[in-house]
Amino acid sequence: MPAVETDQASVRLDKLRQLEALGIDPWGQRFDGRTPIGEIRLLEPLPFDDANPQGQRVTAAGRIVRHRTGGKLHFLELWDQSGRIQLMIRVNKVSELEWKVLNLLDLGDIVGVSGEFGKTKVGELTIQVDQLTFLTKSLEPHPKDVFGLGDMEYRLRHRYLDMIYTPETLKRIQQRVKIVRTIRNHLDDQGYVEVETPTLHAIAGGAAARPFDTHHNALDLDLFVRIALELPLKRLLVGGLEKVYEIGRVFRNEGISPRHNPEFTMLELYCAYGDLFSIMELTEGVFGACVDVLGLGKILPYGECQIDFTGPWPRVLYADIFRQTVGVDLFDEVGVRTAATDNKIHLELRDTKAGTSTPKQHEVLVHELFEHLCEPELAKSHQPTFVYDYPAALCPLTKRKRENPKLAERFELYIAGMELANAYTELNDPITQEATFREQLTGMNADDSMAKMDDDFVRALRHGMPPAGGLGIGIDRLVMLLTNTTTIRDVILFPLLRPETK
RNA sequence: GAGGACGUAGCUCAGCCGGUAGAGCAGCUCACUUUUAAUGAGCGGGUCGUGGGUUCGAUCCCCACCGUCCUCACCA
């Protein structure tokens with residue numbers, strides 16, 4: 001007895017050949033007149049009555065995701081991006097050719113159908129098919145969806161299957177689109193203009209992160225892929241755009257975690273004549289619009305907790321939360337060093353390559369203490385909280401407070417322990433800007449410094465940038481928060497994975 | 001970068017003390033004109049991530065590598 005061909009892909013290829021033998025194009029043609037399944041499901045479902053058909057005629061197209069065969073009666077489920085619906089196909093309702101095609105269908109094939117919409121005896125919304133059009137053959141077996149897709153790697157390497165068989169995935173994609181569109185509408189309504197600025201930068205400024213390097217051959221020029229949108233947008237403020245924003249991809253050559261992907265999407269906006277506090281209100285407005293568009297009320301679940309987005313949100317001073325949590329004053333250098341030692345924070349930065357170590361500057365220690373002690377404290381409440389007035393040394397692009405130049409007018413928005421937004425009253429004094437670009441924080445890795453001399457940017461400021469407020473929002477984290485998603489990989493369609501090696 | 005866990009059929013997963021592999025679904029064949037994870041009968045399907053080692057014998061123990069996940073570090 002010859003070996004039976006059992007490989008599922010081969011079986012499917014064989015069915016493709018059989019379709020061709022029947023004169024069917026296995027890759028299909030234009031198919032007009034379909035209605036999304038989600039809309040069909042809203043029609044009035046009348047019970048089927050052969051003698052007196054009253055149901056509405058509908059046409060749909062999509063993927064076969066289930067197939068219950070009977071002798072002369074088949075039930076299938078058809079899936080499209082708007083939903084699923086049952087198909088009922090009876091032998092005496094379709095042509096002989098269509099019946100042969102039906103018996104060659106595999107899970108994952110794409111078909112178009114027309115027929116009467118109604119409900120079966122048990123009340124299931126159904127299309128009783130009288131026209132079956134084959135549209136696309138699937139040559140690979142699809143995962144059986146009954147128990148869902150469990151393996152993260154499989155889901156990420158086959159995102160297209162994840163979209164079909166893990167309903168939450170498609171839903172999150174759709175919600176992300178809604179959220180981003182809502183942000184654009186909200187800003188456009190307030191007179192903001194959206195722009196696109198370069199991705200390739202000669203100087204990777206605007207944030208503290210390691211950039212990706214690249215090279216332009218014709219100019220023989222080393223370049224970086226942008227790590228932030230900030231500096232080009234502020235040049236546009238100089239140029240007279242008063243309310244400007246960009247939603248764009250930025251790239252940071254750093255670790256990957258449930259909250260970090262090497263490329264992610266940022267919103268940055270700048271508002272001439274605004275400041276830190278006008279930006280707080282704007283931020284509440286943007287978040288509020290996004291929360292509203294989901295239509296789930298003002299209180300959304302995130303993991304174990306409930307987040308109440310009703311504004312205005314609490315505003316707490318960095319210095320206050322520092323004093324309360326760490327127990328010493330922000331500017332108490334001795335106290336801070338003691339607290340750092342007590343909390344096992346190293347007072348020196350060791351450069352293992354150079355074999356040297358440098359004592360860390362006061363503000364670096366302050367912020368390490370803040371991250372170790374204050375951020376967990378902030379995470380306990382889960383509720384949106386603005387933390388503002390940061391140590392100036394940590395903020396080279398931020399305007400100093402007039403009454404205390406050791407503080408800068410910066411806030412970060414914390415929700416559920418995540419940093420969701422970062423905003424400044426923008427530094428528009430070119431003399432101070434040049435000085436902060438020159439000042440390297442001592443005890444901080446040079447790669448990580450936000451202070452990178454950018455003469456061209458300083459020159460722009462020297463021509464006069466209006467006082468302004470600026471805001472950055474991590475769109476991926478915002479979508480995570482609003483869609484109750486705990487890993488950034490599930491709000492990014494194709495997060496970075498190592499390529500498979502055969 | 002450090003530590004931990006995992007990798008078995010198309011998918012989801014079992015596999016005990018080391019004795020050469022199992023289930024459900026999917027696939028194939030047959031039956032079935034109202035199913036809902038349809039049902040009934042039967043049949044196929046595996047380089048147990050890769051490469052070494054120990055052993056009479058390795059999916060199982062050891063080492064290395066590859067990949068994924070988690071925690072930490074990094075991300076001021």
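Convention: sequence-line order gives letters A, B, ...; per-chain numbering from 1.
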Given the [atom1] atoms of [N] and [M], what is the spacing between them in whole Å?
N	M	atom1	result
B:G49	B:C11	P	14 Å
B:G19	B:A73	C1'	45 Å
B:A31	B:G45	C1'	24 Å
B:U54	B:G22	P	29 Å
B:C17	B:C63	C1'	23 Å
B:A2	B:A64	P	13 Å
B:C60	B:A14	C1'	14 Å
B:U12	B:C62	C1'	31 Å

If you check the [X] side chain, which of [options] turns out closest?
X	options	result
A:Val11	B:C69, B:U34, B:G27	B:G27
A:Val91	B:U33, B:C11, B:U35	B:U33
A:Thr120	B:U34, B:C69, B:U71	B:U34
A:Asp151	B:C11, B:G10, B:U12	B:U12
A:Met88	B:A76, B:U34, B:C69	B:U34
A:Glu153	B:A76, B:G67, B:C32	B:G67
A:Gln8	B:A76, B:U34, B:A26	B:A26
A:Glu124	B:U34, B:C69, B:U35	B:U35

Original post:
So, A:His74 side chain and A:Gly70 main chain: donor-acceptor pair closer than 3.5 Å or not?
Top reply: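 Yes, because the side chain of A:His74 sits within donor-acceptor range (under 3.5 Å) of the backbone of A:Gly70.
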
Original post:
Is the backbone of A:Lys401 close enough, under 3.5 Å, to the side chain of A:Glu409 for a donor and an acceptor to pair up by distance?
Top reply: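 It does not hold such a pair.
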
**OP:** With a 4.0 Å heavy-atom cut-off, tell me which residues in residues 128-140 of chain A come close to RNA chain B, sorted by residue number.
**Re:**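 Here the set is empty: none.
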
Sequence-distant partners of [X], salt bridge (charged side-chain N to carboxylate O under 4.0 Å, His left out), two or more places apart:
X	value
A:Glu419	none
A:Arg159	A:Asp162, A:Asp490
A:Lys121	none

Base, sugar-phosphate alone, or nothing: which one does [X] contact when heavy atoms must sit under 4.0 Å apart?
X	result
A:Lys15	sugar-phosphate
A:Asn92	base
A:Arg157	sugar-phosphate
A:Phe370	nothing

Subject >> Footprint string (nucleotides 2-8 of chain B, 5' to 3'): B base within contact, S backbone only, - free, heavy atoms under 4.0 Å >> reply: -------

Original post:
If you draw a 6.0 Å radius around CD in A:Gln81, do more than 12 non-hydrogen atoms from other residues or ligands fall strictly inside?
Top reply: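 Incorrect, the count does not exceed 12.
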
**OP:** State whether the distance check finds a donor on one side and an acceptor on the other, under 3.5 Å, for side chain A:Gln86 versus base B:U35.
**Re:**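 Answer yes: a donor N or O sits under 3.5 Å from an acceptor.
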
**OP:** Would you please enumerate the stems RNA chain B participates in, each stem being three or more consecutive Watson-Crick or G-U wobble pairs with both distances under 3.5 Å?
**Re:**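 B:1-7 with B:66-72, B:10-13 with B:22-25, B:27-31 with B:39-43, B:49-53 with B:61-65 - these are the stems of 3 or more pairs that involve RNA chain B.
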
With a 3.5 Å cut-off and no angle check, do the side chains of [X] and [Y] form a donor-acceptor pair?
X	Y	value
A:Tyr165	A:His142	yes
A:Gln86	A:Arg68	yes
A:Asn261	A:Arg489	no
A:Gln18	A:Asp14	yes

Original post:
To the nearest Å, how far apart are A:Asn261 CG and B:U68 C1'?
Top reply: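 So the two atoms are 15 Å apart, to the nearest Å.
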
Can you check whether [X] has a side-chain N or O nearer than 4.0 Å to OP1 or OP2 of [N]?
X	N	result
A:Arg90	B:U33	no
A:Arg68	B:A38	yes
A:Arg66	B:A26	no

Original post:
If you round to the nearest 0.5 Å, how far is CD of A:Glu230 from CE of A:Met266?
Top reply: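 It comes to 8.5 Å.
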
**OP:** Would you mind telling me which residue lines up with the more 5' stretch of RNA chain B, A:Leu107 or A:Thr126, judged by nearest nucleotide?
**Re:**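 Result: A:Leu107.
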
Original post:
Of A:Gly71 and A:Leu105, whose closest RNA chain B nucleotide lies nearer the 5' terminus?
Top reply: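 Closer to the 5' end of RNA chain B: A:Leu105.
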
Subject >> Under-4.0 Å salt bridge between A:Arg176 and A:Asp476 >> reply: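 Yes, this pair counts.
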
Subject >> Short N-O contact, A:Arg17 and A:Glu20, less than 4.0 angstrom >> reply: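 Between A:Glu20 and A:Arg17 there is a salt bridge, with a charged N closer than 4.0 Å to a carboxylate O.
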
Original post:
Would you say the ring centroid of A:Phe370 lies under 6.0 angstrom from that of A:Tyr318?
Top reply: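 Yes - the distance between ring centres of A:Phe370 and A:Tyr318 falls below the 6.0 Å cut-off.
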
